[in-house]
Number of protein chains: 2
Amino acid sequence: MTNKKIPDIIIGRLPLYLRALERMTTEGAIVTSSKELGEWVGISAAQIRKDISQFGEFGKQGTGYNIDFLSKKLREIMNIDRVWDVAIIGAGDIGHGLARYQGFLDRGFRVALAFDIDPEKIGTKIGDVVVEDISKMVVSINDADVKIAMIAVPADNAQDVAEKLVKAGVKAILNYATIIINVPEDVRVQYIDPATHLQWMTYYL
Amino acid sequence: MTNKKIPDIIIGRLPLYLRALERMTTEGAIVTSSKELGEWVGISAAQIRKDISQFGEFGKQGTGYNIDFLSKKLREIMNIDRVWDVAIIGAGDIGHGLARYQGFLDRGFRVALAFDIDPEKIGTKIGDVVVEDISKMVVSINDADVKIAMIAVPADNAQDVAEKLVKAGVKAILNYATIIINVPEDVRVQYIDPATHLQWMTYYL
DNA sequence: TAGATTGTTAATCGATTAACAATC
DNA sequence: TAGATTGTTAATCGATTAACAATC
């Protein structure tokens with residue numbers, strides 16, 4: 001039942017489930033079980049069932065889960081049964097990589113805007129969008145009603161950019177800058193930092 | 001005490017602590033407390049103390065923690081009190097961004113090797129390294145005794161690359177390809193996938 | 001000494017697993 | 001019907017928090 005608060009840790013597993021289901025679809029499967037799905041994502045069958053049952057009864061006893069149906073439901077739950085426009089701030093290597101990343105469109109996202117401060121980059125095209133002057137960012141994002149942004153600027157400018165994004169109405173930020181940014185409570189931030197990920201593994205080497 | 005198994009969840013927080021401590025250092029601080037550090041990283045003071053005490057007694061009652069000393073200890077624990085050579089597989093946008101990423105060197109990593117399959121890219125320089133032919137990857141990585149690699153190739157080739165990396169002796173893989181790769185148990189894999197991170201946030205929008 | 005803060009124990013909280021009735 | 005698998009409850013496990021003696 002969706003009226004009680006679902007723990008973050010469960011929400012964090014839903015994209016994994018969906019990705020595995022999508023993979024199964026491409027391999028031609030129609031139904032799966034909590035056992036099989038669990039093996040794909042490395043999580044116990046009991047936990048898969050428990051997680052999914054937080055949102056409704058999507059399976060059938062004796063049969064398992066219809067993959068298309070469960071995928072659809074997961075997309076609804078995660079709010080990706082639509083396409084979200086996203087903005088990229090910073091048109092360097094990372095910004096370029098993101099703009100040209102092929103994995104967004106079929107997973108609910110479209111790069112709609114890109115910004116940079118460098119006059120040489122403004123006006124050039126990355127992916128399908130033209131890089132705009134960062135001074136127009138707040139207005140453009142506001143006008144386009146974009147709620148999701150990815151920060152790919154140097155660490156020194158990240159906090160400043162974040163504050164402008166908040167002003168523009170952005171509610172979710174994916175931050176590639178190696179710095180913790182401060183934003184209001186109702187704005188979500190995720191960090192992607194290769195060095196931190198590597199450090200997490202060196203402990204075990 | 002280091003003889004009992006430390007939970008993964010604690011290991012995962014150590015890089016956050018270290019990053020905050022490094023930031024404090026640049027701001028000129030000498031000592032900190034579990035309370036202050038906790039506020040920086042958004043974790044309770046009790047938990048900070050508990051985590052740190054898993055590895056030894058690094059603080060002083062009444063005073064707190066010496067930032068330099070604690071940083072040094074954390075680096076030792078995480079095995080980054082040395083520089084790890086890393087290899088980049090794939091010299092596209094993401095590979096380029098990684099090769100030129102400034103945050104590696106002062107955090108324990110050096111990009112030592114890069115590979116691509118495209119003849120046009122082989123021989124060119126990205127960051128400080130020359131892109132080698134991917135067919136030489138296993139031998140080169142083996143010779144250089146590199147244990148850490150970052151996969152930045154298309155999803156279709158990721159599993160194949162991963163298997164070659166394992167053959168070359170790599171024990172830690174940071175995977176930017178949008179696909180789950182299968183490797184032996186003693187090889188660690190971390191995934192970086194912007195779409196998955198975004199999906200994690202759209203639930204709350 | 002008085003105040004502050006650690007390291008650690010015990011209490012609480014939450015998440016995972018095991019088990020099984022319901023049922024396809 | 002017999003076999004399989006869900007959804008859910010109870011039991012277990014592990015992580016977080018609260019509290020406080022030790023001590024700088």
Side-chain angles (χ1 to χ4, degrees), chain A residues 1-18 20-21 24 29-74 76-77 200 203, chain B residues 1-17 20-21 24 29-74 77 200 203:
Chain A
M1 307 295 116
T2 359
N3 56 344
K4 71 163 171 295
K5 214 267 182 195
I6 310 287
D8 281 359
I9 199 162
I10 293 182
I11 304 304
R13 283 193 291 257
L14 301 184
L16 306 181
Y17 299 162
L18 181 58
L21 292 169
M24 289 176 182
I30 303 297
V31 295
T32 188
S33 64
S34 57
K35 184 163 173 288
E36 187 186 38
L37 184 53
E39 282 162 7
W40 278 60
V41 296
I43 287 175
S44 78
Q47 184 159 94
I48 301 261
R49 290 201 300 280
K50 191 124 208 262
D51 285 357
I52 292 173
S53 72
Q54 303 292 311
F55 305 98
E57 306 192 357
F58 302 144
K60 260 205 189 75
Q61 286 102 323
T63 312
Y65 301 92
N66 177 288
I67 294 174
D68 274 352
F69 180 72
L70 182 55
S71 301
K72 186 163 164 289
K73 285 297 174 187
L74 289 180
E76 283 173 21
I77 293 159
W200 197 84
Y203 173 80
Chain B
M1 308 293 119
T2 358
N3 55 345
K4 70 164 173 292
K5 214 269 181 193
I6 309 288
D8 281 359
I9 198 161
I10 293 182
I11 304 304
R13 283 193 291 258
L14 300 183
L16 307 181
Y17 299 162
L21 291 170
M24 289 177 181
I30 302 297
V31 294
T32 188
S33 65
S34 57
K35 183 163 174 288
E36 187 186 37
L37 184 53
E39 282 161 6
W40 278 60
V41 295
I43 287 174
S44 78
Q47 184 160 94
I48 301 259
R49 290 201 300 280
K50 191 122 207 265
D51 284 357
I52 292 173
S53 72
Q54 304 292 313
F55 305 100
E57 306 192 356
F58 302 145
K60 260 205 189 74
Q61 285 101 324
T63 313
Y65 301 92
N66 177 288
I67 294 172
D68 274 351
F69 180 73
L70 182 56
S71 301
K72 187 164 164 289
K73 286 295 174 189
L74 288 179
I77 292 160
W200 198 83
Y203 173 80

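First the proteins, then the strands, lettered A, B, ... as listed; each starts at 1.
Across the protein-nucleic acid pair, B/I10 atom CD1 and D/dT16 atom P stand 7 Å apart, rounded to whole Å. Whole-Å rounding puts the B/Q47 CD to D/dT17 C1' distance at 9 Å. Atom CD1 of A/I48 and atom C1' of C/dA18 are 16 Å apart (whole Å). Straight-line distance from the CZ atom of B/F58 to the P atom of C/dG7: 9 Å, rounded to whole Å. What separates CD of A/Q54 from P of C/dT16 is a distance of 11 Å, to the nearest Å. The separation between B/I11 atom CD1 and D/dA15 atom C1' is 14 Å, rounded to whole Å. The CZ atom of A/F55 sits 17 Å away from the P atom of D/dT6 (whole-angstrom rounding). As a whole-Å value, the separation of A/Q61 CD from C/dC24 P is 6 Å.
Side chain of A/Q54 to backbone of A/K50: a donor-acceptor contact under 3.5 angstrom is found.
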Using atom names, set out every protein N or O paired with an N or O of nucleotides 11-13 of chain D below 3.5 Å, distance rounded to 0.1 Å.
none

## Note on the structure
The dot-bracket string of DNA chain D, counting Watson-Crick and G-U wobble pairs with both distances under 3.5 Å, using [ ] for crossing pairs and | for pairs to another strand, is ..||||||||||||||||||||||

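Put simply, A/R49 has no side-chain N or O that comes within less than 4.0 Å of OP1 or OP2 on D/dG7. For the OP1/OP2 pair of C/dT5 and a distance below 4.0 Å, the side-chain nitrogens and oxygens of B/S34 include no atom meeting the criterion. Residue B/S44 places no side-chain N or O under 4.0 Å from the OP1 or OP2 atom of D/dT16. Between B/Y65 and the phosphate of C/dG7, there is a side-chain N or O to OP1/OP2 separation shorter than 4.0 Å. Between B/R13 and D/dA15 there is no side-chain N or O to OP1 or OP2 distance below 4.0 Å.
Using a 4.0 Å heavy-atom distance criterion, A/K50 is classed as a base contact. A/I9 comes within 4.0 angstrom of the backbone, heavy atoms only, and of no base.
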